[in-house]
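Input: a single structure, listed below in structure tokens.
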Amino acid sequence: MSTTTGVLELKMYINGEWRFSSNPDTNKVINPANGELIAIAPRATVEEAEEAIGAAKAAFESGVWSKLSAEERANFLLKIADKIDEKHDELVELEVKDNGKIRAEADADISDAASCFRYYAGLIRTPDGETYHVGEPVQAMVVREPVGVTGLIVPWNFPFLMSVWKFAPALAAGNTIVYKPAEVTPVTAMKLIEIIEEVGVPKGVVNLVLGKGSVVGDVIASSNDVDMVSFTGSTEVGRSIMRSAAGNLKKISLELGGKSPNIIFADADFDAAVDHALLGIFYGSGQVCSAGSRIIVEESIYDQFVTEFVRRAKNIQVGPGLEEGSEMGAIVSEAQLNTILEYIEIGKNEGATLACGGNRITENGLDKGFFIEPTAFTDVTPDMRIVQEEIFGPVAVIQKFKDEAEAIKLANDTVYGLAGGVFTSDGAKALRVIKEVRAGITWINTFGPTYNEAPWHGYKQSGIGSSLGTYGLDEFQEVKQININMVVEPTGWFSDDK
């Protein structure tokens with residue numbers, strides 16, 4: 001990663017070689033906190049993306065990675081984790097500059113990434129496979145094998161961590177990789193590949209291709225030489241990847257959008273519920289697929305909740321991620337900033353009440369960055385676009401319910417099913433309600449914790465497949481049955497008259 005007057009010059013990594021693209025068009029990477037240029041990235045051609053796929057295929061077929069023992073692959077993963085720890089502070093600073101999030105969030109991301117590699121290094125060495133009983137003299141078993149060439153397409157909201165969520169299980173299982181990070185946040189992607197190269201992962205096993213989704217992403221999704229695509233991003237793009245992947249019926253894993261409900265009953269710990277609701281929507285400036293963007297509050301405490309939520313939201317310190325005291329950072333790009341502002345206007349035009357926020361922040365030296373006030377709407381109805389559509393920003397809608405049945409109905413009234421939460425002091429009610437919420441990631445009396453050991457999985461239009469846990473490893477493996485005849489003799493099925 002070279003620099004020119006402080007601006008990073010990013011390169012692609014194909015078959016063990018760092019290179020620029022033959023395409024003269026480049027991508028300018030902007031620090032969303034101040035609008036300054038931090039990096040220049042190449043935009044790969046179709047041919048370069050195909051070359052990366054070819055390198056990954058050749059590496060897989062050679063067995064240079066897939067034929068290593070589980071222990072050998074695990075040792076590489078542990079070395080990668082150690083390098084991430086070693087470069088922790090550098091990675092945190094780059095992630096903040098690249099994405100706009102605050103330092104505390106980036107710090108957690110980088111630490112979790114190292115832990116993720118260690119988790120899969122341990123998991124791949126545990127016993128797997130199974131045997132089963134059949135009614136013949138046959139020893140029958142199931143084994144797991146790598147899928148092959150995997151295309152990993154990563155979003156911009158958690159650039160480093162989401163990459164690792166895919167890399168760790170893919171490598172642990174013995175696959176090779178073609179990796180496309182988001183164009184808006186490619187900086188730490190290159191650092192991850194540098195780390196992988198440093199620990200000695202063989203050439204061709206991991207390939208980094210920078211560029212547009214409409215070019216690189218489409219090549220990866222449609223290529224007959226790619227055996228699996230793992231994508232995190234919008235539901236709209238996920239549909240496009242499904243269509244492209246149909247060409248060779250490749251395996252797909254899609255972690256898509258969300259419009260997650262956070263149900264708060266009157267008997268909940270009030271202060272804790274308000275605090276977690278704030279974190280659920282304003283963490284990461286609301287640019288989180290599992291954000292609790294629909295806060296559903298019991299009627300008897302609704303006004304009290306709104307008053308306290310708005311008071312607390314107005315006190316959130318918005319500012320540059322590297323600045324001491326910042327509690328919410330920048331929006332990742334000007335385009336995303338404008339999308340959020342458009343949704344705020346849509347909400348006002350639909351008749352919702354803007355309870356707080358709603359404006360771009362330009363005071364106190366923030367005019368060159370992409371900052372929005374923490375925002376909340378009340379007096380909303382289920383049919384409003386701001387209630388149904390993923391805004392992907394610091395915008396909450398606060399809904400009202402009368403009883404348990406209505407809370408469940410409102411919670412499930414979207415096309416999404418990624419996450420959901422319930423706050424109540426009644427344990428039986430909490431479990432009863434959360435089991436009715438049609439979502440794959442749920443919490444009771446908290447909102448947002450994520451664990452490497454637990455599956456990250458969406459219902460409905462929030463995706464297909466799972467990340468993390470044993471389920472995340474399963475995504476990157478094929479299942480094979482092997483049947484061994486213990487008594488070798490002719491079957492006698494057909495006559496053998498001579």
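For this chain, numbers begin at 1 and follow the sequence in order. Scope of the values below: all heavy atoms of this structure, side chains included, with no hydrogens, waters or symmetry mates.
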Subject >> Pair Lys83 + Glu198, salt bridge at N-O below 4.0 Å >> reply: yes
Original post:
Taking side chain as C-beta onward, heavy atoms only, is Ile30 less than 4.5 Å from Glu36?
Top reply: no
**OP:** Could you tell me whether Lys203 atom NZ has more than 12 heavy atoms of other residues or ligands within 6.0 Å of it?
**Re:** no
**OP:** Could you walk me through whether Val178 and Val219 pass side chain to side chain contact (heavy atoms under 4.5 Å, CB included), step by step?
**Re:** CA-CA 11 Å; Val178 180; Val219 171; over 6 Å; no
**OP:** Determine whether the side chains of Glu389 and Tyr343 contain a donor N or O and an acceptor N or O closer than 3.5 Å.
**Re:** yes
Original post:
Would you call Asp218 and Lys212 a salt bridge, taking side-chain N to carboxylate O under 4.0 Å as the test?
Top reply: no
**OP:** Flag the pair Arg19 and Glu51 as a salt bridge only when some basic side-chain nitrogen lies within less than 4.0 angstrom of an acidic carboxylate oxygen.
**Re:** yes
**OP:** Assess whether atom CD of Glu145 is packed by more than 12 heavy atoms of other residues, nucleotides or ligands within 6.0 Å.
**Re:** yes
Original post:
Do the charged groups of Asp85 and Arg118 touch, with an N to O distance under 4.0 Å?
Top reply: yes
Original post:
Would Asn483 and Tyr132 satisfy side-chain hydrogen bond (donor to acceptor under 3.5 Å, both in side chains), going step by step from the backbone distance to the final call?
Top reply: CA-CA 10 Å; Asn483 302 289; Tyr132 53 94; 2.8 Å; yes
Original post:
When the ring planes of His457 and Tyr459 are compared, do they come out parallel, tilted or perpendicular, using 30° and 60° as the limits?
Top reply: perpendicular
**OP:** Would you kindly say whether Thr235 and Gln461 are connected by a side-chain donor-acceptor distance under 3.5 Å?
**Re:** no
Subject >> Electrostatic pair Glu90-Lys191, nearest N-O below 4.0 angstrom >> reply: yes
Original post:
Would His88 and Asp107 count as having a side-chain donor-acceptor pair, cut-off 3.5 Å?
Top reply: yes
Original post:
So with a 6.0 Å cut-off around CD of Glu453, is the heavy-atom count from everything else above 12?
Top reply: yes
Original post:
Between the side chains of Ser22 and Glu48, does any donor sit under 3.5 Å from an acceptor?
Top reply: yes
**OP:** Would you check if there is a donor-acceptor pair between the side chains of Ser333 and Gln336 at a distance under 3.5 Å?
**Re:** no
**OP:** May I ask you to decide whether Lys259 forms a salt bridge with Glu390, counting only side-chain N to carboxylate O separations under 4.0 Å?
**Re:** no
**OP:** Would you kindly say whether Thr150 and Lys251 are connected by a side-chain donor-acceptor distance under 3.5 Å?
**Re:** no
**OP:** Only one of Asn31, Thr185, Thr188 passes side-chain contact (heavy atoms from CB on, under 4.5 Å) with Lys97; say which it is.
**Re:** Asn31
Original post:
Do Glu105 and Val96 have side chains that get closer than 4.5 Å, going by heavy atoms?
Top reply: no
Original post:
Is the shortest distance from a Lys or Arg side-chain nitrogen in Lys57 or Asp227 to a carboxylate oxygen in the other one below 4.0 Å?
Top reply: no
**OP:** Quick one: closest heavy-atom pair of Asn15 and Ala55, and the distance?
**Re:** CB-CB, 3.7 Å
Subject >> side chain to side chain contact (heavy atoms under 4.5 Å, CB included) partners for Ile193, two or more places apart >> reply: Tyr13, Trp18, Phe167, Tyr179, Ile196, Val206, Leu208
Original post:
Is the Lys NZ or Arg CZ of Lys67 less than 6.0 Å from the centre of Phe60's six-membered ring, within 45° of the axis?
Top reply: no
**OP:** Assert yes or no for the condition that the ring centre distance of Tyr471 to Trp456 is strictly below 6.0 Å.
**Re:** no
